[in-house]
Amino acid sequence: MTPDHAFAIVIMAAGKGTRLKSKRPKVLHEIGGKPLVAHVISAAGKIVPAANIYVIIGHQAESVREAVKHTGVNFVLQSPQNGTGHALQCAREQVQHHDHLLVLSGDVPLIREETIRKLRDFHLAQKAAMTILTAEPADPFGYGRVLRASSTSDEVTAIVEQKDLKPKQEKVGEINSGIYAFSSKVLFANIDRLTSNNAQKEFYLTDMAALLVGEKARVVALKAEDSAEILGANTLVELSELDAAMRMRKCRELMANGVSIYKPETCVIDSQVEIGADTIIEPFVQVLGNTHIGSDCRIRSYSVISDSHIENGVTIKPGCVIDQARISAQAILGPYSHLRPGSEIGEGAHIGNFVETKKVRMGKGSKANHLTYLGDAEIGAGVNVGAGTITCNYDGAHKHVTTIEDGAFIGSDSTLVAPVRIGKGAYTAAGSTITDDVPADSLAVGRARQAVKEGWVKARREKKVKTST
Ligand code: UD1
Ligand code: MG
């Protein structure tokens, strides 16, 4: 077996994506919550180390580089972008020392590691100069067509682009996936012979097929078992189809690992999300970004969870919005809780309806069940926060911290003007405005004393009757 380091993977990602009609470069459009090119890089990274991956960038090169440089791949600059053949010409200097190249397209993101491996092995077994991964999708329109020497042969005579098809070639159902294996020596010995004599006036990598056949080199095709995997994204409609396919693939993977997803077609789960077994995801839930959800949780409908860490046994009732939060085991949230960045909810704690939290640490078993804003607060264990409580954390210039110690009881409709500390086991009376620290085990009453004017209404009523008669 050829060692892995003999292979390099080249990912073509320099094109503009004119057909998307978007300012953003095509390969940075997202499916499954990640840019197209990032999906291709992750598949490639399972086959060769990042040091053997070369991403060809050109259109808005810097934003593409920025988006994926954390992966440790190499970059090749293609400027201007004169076609896929030209892209490989630009990569020659950096990649020609590798014996074989696997060439992937940055806009064919559903490709799986297994399929790339099969292409590599087939290429080696066939001792081919060029091996083309092909498929027979329901609708081949728009793709380059692969012409075989005969219907039973592995050998290819040419690839013809959609715009260059002769009428009788339009019936050919086998398409070029834009994914290839090459012997680098043969590729680079011939690549300068490509011409741009075609409908798009570009140097097509696809023309290498006929060119190499003319040199008596072996050019073969391997048909992918599942054509869905090699679909490209050239328009926003195609992109939405790939997004749906990728998310369904993700849901299937999760379900295969013990997660129940009711009506998976209504859920939006990003590709890097992790969810533990025996968790239930109800319809119309979104789980995005780098989110981890433990086992035995229940995520009820219409909740949107991004970049958060949720431990085991957590219940999230309908309609919660949770962003960059950490939620400990057995906590109960919602319905309609809004957890903003920096919310850390303790074990078994309850956050109820219309409660907003931001930069809050809430201790074990504490509760804030109704209509409350908790911002910049340190809240201990066993605290009860009454309905309508507000931490007044902002004085117009600076943010200040509210500290509520273990076992404190915050009466309904308290406004806690930060910086302020409520001591261990202390109470605040309902309707209080608390501006000074409350010592442990004390009651703070911060409201005007109630006055009752007995008979006042009756007297007023009688006065009215007199004047009207
Ligand atoms: C290409 C193939 C076509 C195949 C299809 C599969 C060619 C000429 N045609 O067509 O046979 O069926 O993919 O999806 O290759 N790119 C560069 N530099 C360039 C031009 C493109 O890096 O100068 C990159 C693009 O960013 C993209 C990939 O190469 O990721 C393919 O380019 P694209 O313009 O999408 O080619 P298709 O028309 O889809
Ligand atoms: Mg394309």
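Counting starts at 1 for both ligands and their atoms, in listed order. Everything numeric in this text was worked out from a predicted model, so none of it was measured.
- Contact atoms of ligand 1 toward Gly106: 30 (O) (distance under 4.0 Å to a heavy atom of the residue).
- Both cation-pi conditions hold for Arg65 and Phe75: the charged atom is under 6.0 angstrom from the six-membered ring centre and inside a 45 degree cone around its axis.
- Of the candidates Ala14, Ala91, Gly83, Gly83 brings a heavy atom nearest to atom 19 (C) of ligand 1.
- At a 3.5 angstrom cut-off on N or O pairs, Ile56 does not count as close to ligand 1.
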Take Phe141 and Tyr143, measure what ring pair (Phe, Tyr, Trp, His ring centres under 6.0 Å) needs, and give me the verdict at the end. CA-CA 6 Å; Phe141 184 83; Tyr143 290 93; 9.3 Å; no
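- Every atom of ligand 1 is numbered from 1 in the order shown, and the set under 4.0 Å from a heavy atom of Asn234 is 35 (O), 39 (O).
- Taking the six-membered ring where the residue is Trp, Tyr336 and Phe354 present parallel rings, their angle staying beneath 30° rather than reaching 60°.
- The Mg ion (ligand 2) lies at the vertex of an angle of 90° between the OD1 atom of Asn234 and the OD2 atom of Asp107 (rounded to 10°).
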Ile379 vs Val360, side chain to side chain contact (heavy atoms under 4.5 Å, CB included): CA-CA, chis, key distance, verdict: CA-CA 7 Å; Ile379 302 173; Val360 163; 4.2 Å; yes
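- Each of Val287, Ile275, Ile327 was scored for a side chain to side chain contact (heavy atoms under 4.5 Å, CB included) with Ile310, with one residue passing: Ile327.
- Donor-acceptor pairing under 3.5 Å is recorded for the side chains of Thr134 and Glu174.
- Using a 4.0 Å cut-off between heavy atoms, Thr206 contacts ligand 1 through its side chain alone, with no backbone atom that close.
- Heavy atoms of Lys163 stay at 4.0 angstrom or farther from ligand 1.
- Using bins of under 30°, 30° to 60° and over 60° for the plane-to-plane angle, the ring pair His98/Tyr54 lands in the perpendicular bin.
- On a distance-only criterion, Thr84 and ligand 1 share at least one N/O pair closer than 3.5 Å.
- Residue contact annotation: Asn82 has a non-hydrogen atom under 4.0 Å from ligand 1.
- The distance from ligand 1 to the heavy atoms of Tyr204 drops below 4.0 Å at these ligand atoms: 8 (C).
- For Ser177, the heavy-atom gap to ligand 1 drops under 4.0 angstrom.
- In terms of polar-atom proximity, Met12 is counted as a contact of ligand 1, with an N or O under 3.5 Å from an N or O of the ligand.
- In terms of protein heavy-atom proximity, atom 12 (O) of ligand 1 is nearest to Asn176 O, 2.6 Å.
- Of the candidates Val304, Leu333, Thr291, Leu333 is the only one forming a side chain to side chain contact (heavy atoms under 4.5 Å, CB included) with Ile322.
- Of the candidates Glu161, Arg19, Gln78, Arg19 brings a heavy atom nearest to atom 36 (O) of ligand 1.
- In this structure, atom 13 (O) of ligand 1 lies nearest to the protein heavy atom Gly178 CA, 4.3 Å.
- Of the candidates Arg218, Arg120, His123, Gln126, His123 is the only one forming a side-chain hydrogen bond (donor to acceptor under 3.5 Å, both in side chains) with Thr131.
- In the displayed structure, Arg193 atom CZ is contacted under 6.0 Å by more than 12 heavy atoms of other residues, nucleotides or ligands.
- Considering backbone and side-chain atoms together, Gly15 places an N or O closer than 3.5 Å to an N or O of ligand 1.
- Of all the heavy atoms of Lys26, the ones lying under 4.0 Å from any atom of ligand 1 belong exclusively to the side chain.
- Relative ring orientation between His100 and Phe7 is described as parallel, the plane-to-plane angle staying below 30° on a 0-90° scale split at 30° and 60°.
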